[in-house]
There are 2 protein chains.
Amino acid sequence: MLTIGTLAKRTGTKVQTIRYYEQIGLLPEPGRTEGGQRRYGDSDLDRLAFIRHARQLGFTLEAIRELLDLSDNPDRSCADVDRIAHRQLKEVEVRITRLDALRKELKRMLGECSRDTVADCRVLEVLRDHAACLTDHGQGV
Amino acid sequence: MLTIGTLAKRTGTKVQTIRYYEQIGLLPEPGRTEGGQRRYGDSDLDRLAFIRHARQLGFTLEAIRELLDLSDNPDRSCADVDRIAHRQLKEVEVRITRLDALRKELKRMLGECSRDTVADCRVLEVLRDHAACLTDHGQGV
DNA sequence: CTTGAACCTCTACCTACTGTAGCTTGTAAG
DNA sequence: CTTACAAGCTACAGTAGGTAGAGGTTCAAG
Ligand SMILES: [Zn+2]
Ligand SMILES: [Zn+2]
Ligand SMILES: [Zn+2]
Ligand SMILES: [Zn+2]
């Protein structure tokens with residue numbers, strides 16, 4: 001039986017985060033001591049490790065919830081699992097594409113600045129006028 | 001004189017977002033009609049366009065606040081402006097590096113899956129155990 | 001003068017946590 | 001057995017950067 005602090009250390013999670021996962025139903029309510037403190041078993045450790053690892057790979061908590069549900073049906077086809085992972089891959093690729101456009105534009109405007117006064121700063125000029133941009137950075141980041 | 005709706009349309013911003021920027025002090029409080037409706041001038045249009053463009057390039061609102069302050073002192077050296085832009089470039093590069101590691105790992109685990117049952121799904125196996133990862137995806141995304 | 005789109009304020013909500021205040025429990029040493 | 005204190009508990013607030021809705025008012029065209 002593990003205390004919440006031990007579970008936190010073993011999984012590299014903050015104690016509050018564990019309680020938060022319980023609150024949103026991502027971790028089951030654990031047993032309690034007489035005094036009301038949480039006590040965890042190995043299955044909780046596995047589940048939390050899964051969640052943290054999936055988070056590190058960028059999955060949202062909603063996606064993780066789906067993955068955990070699917071993981072409970074070992075006999076089913078893994079098509080849904082792969083679909084979720086594929087969607088995640090696509091999202092990552094989209095973000096990379098967008099960030100790469102930003103990187104290019106930032107590099108370019110920094111390269112063009114002659115490091116003189118604010119009045120002549122090329123960086124500010126570009127920020128003032130998207131027409132001075134070569135990149136098409138649609139919405140958000 | 002522009003209404004908030006017109007200003008929103010001209011800059012591709014939501015009306016609520018404009019009021020939000022005012023609330024956090026990023027846009028000055030505009031004049032009002034007798035009835036209390038906001039009316040904007042061209043300087044507001046320029047300032048908001050600047051903010052939105054900088055946001056599209058990934059600058060935080062705090063960075064934008066600094067840039068706007070600097071922009072008000074045309075005679076000063078632009079070193080600070082360039083430092084902010086440079087910091088932004090670095091952050092973008094870090095994020096790209098991290099996302100690229102995620103992309104590789106997601107691609108790899110999807111490539112290794114034999115698309116059979118959930119019990120054998122390689123994607124889930126990797127998620128369960130970071131040792132099965134080739135990538136070192138430290139903290140967060 | 002009437003209608004209705006656009007405006008107003010205020011509040012709550014989103015993700016994925018993190019931090020704080022004020023109190024209680026568990027455990028090890030003396 | 002008592003005491004000290006780390007670690008636990010709940011509840012609430014806050015982060016970035018907005019977005020959505022309720023319920024009420026104003027502006028401008030017809
Ligand atoms: Zn410059
Ligand atoms: Zn641009
Ligand atoms: Zn699979
Ligand atoms: Zn891993």
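A, B, ... follow the sequence lines: proteins, then strands. Residue 1 opens every chain.
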What's the closest nucleotide to the side chain of [X] if the choices are [options]?
| X | options | answer |
| --- | --- | --- |
| B:K14 | C:dC7, D:dT19, C:dA16 | D:dT19 |
| A:R55 | C:dG19, C:dC17, C:dG26 | C:dC17 |
| A:R38 | D:dT10, C:dC7, C:dT9 | D:dT10 |
| B:R39 | D:dG18, D:dA20, D:dA28 | D:dA28 |
| B:L61 | C:dC8, C:dC17, D:dG18 | D:dG18 |
| A:V15 | C:dT18, D:dG8, D:dT26 | D:dG8 |

Q.
Is B:R52 close enough to D:dG17 that one of its side-chain N or O atoms is under 4.0 Å from OP1 or OP2 there?
A.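 No.
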
Q) Under 4.0 Å between a side-chain N or O of B:T33 and OP1 or OP2 of D:dC27? A) yes

Q. Are any of the side-chain heavy atoms of B:D80 and A:V118 separated by less than 4.5 Å?
A.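 B:D80 does not reach A:V118 side chain to side chain.
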
Q) Any idea which heavy atoms bring B:R115 and B:L110 closest together, and the distance? A) NH2-O, 2.6 Å

Q. Minimum heavy-atom separation for A:L57 to A:Q88, with atom names?
A. O-NE2, 3.2 Å

Q.
I'd like to know if the side chain of A:Y21 pairs up with that of A:R47 as donor and acceptor (distance under 3.5 Å, no hydrogens or angles considered).
A. no

Q: To the nearest Å, give me how far apart OH (B:Y21) and C1' (D:dT19) are.
A: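 After rounding, the gap between these two atoms is 12 Å.
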
Q: Check the distance between C:dT24's P and A:E34's CD and give it to me in whole angstrom.
A: 18 Å

Q | Residue whose closest nucleotide on DNA chain D lies nearer the 5' end, B:T60 versus A:Q16 | A | A:Q16

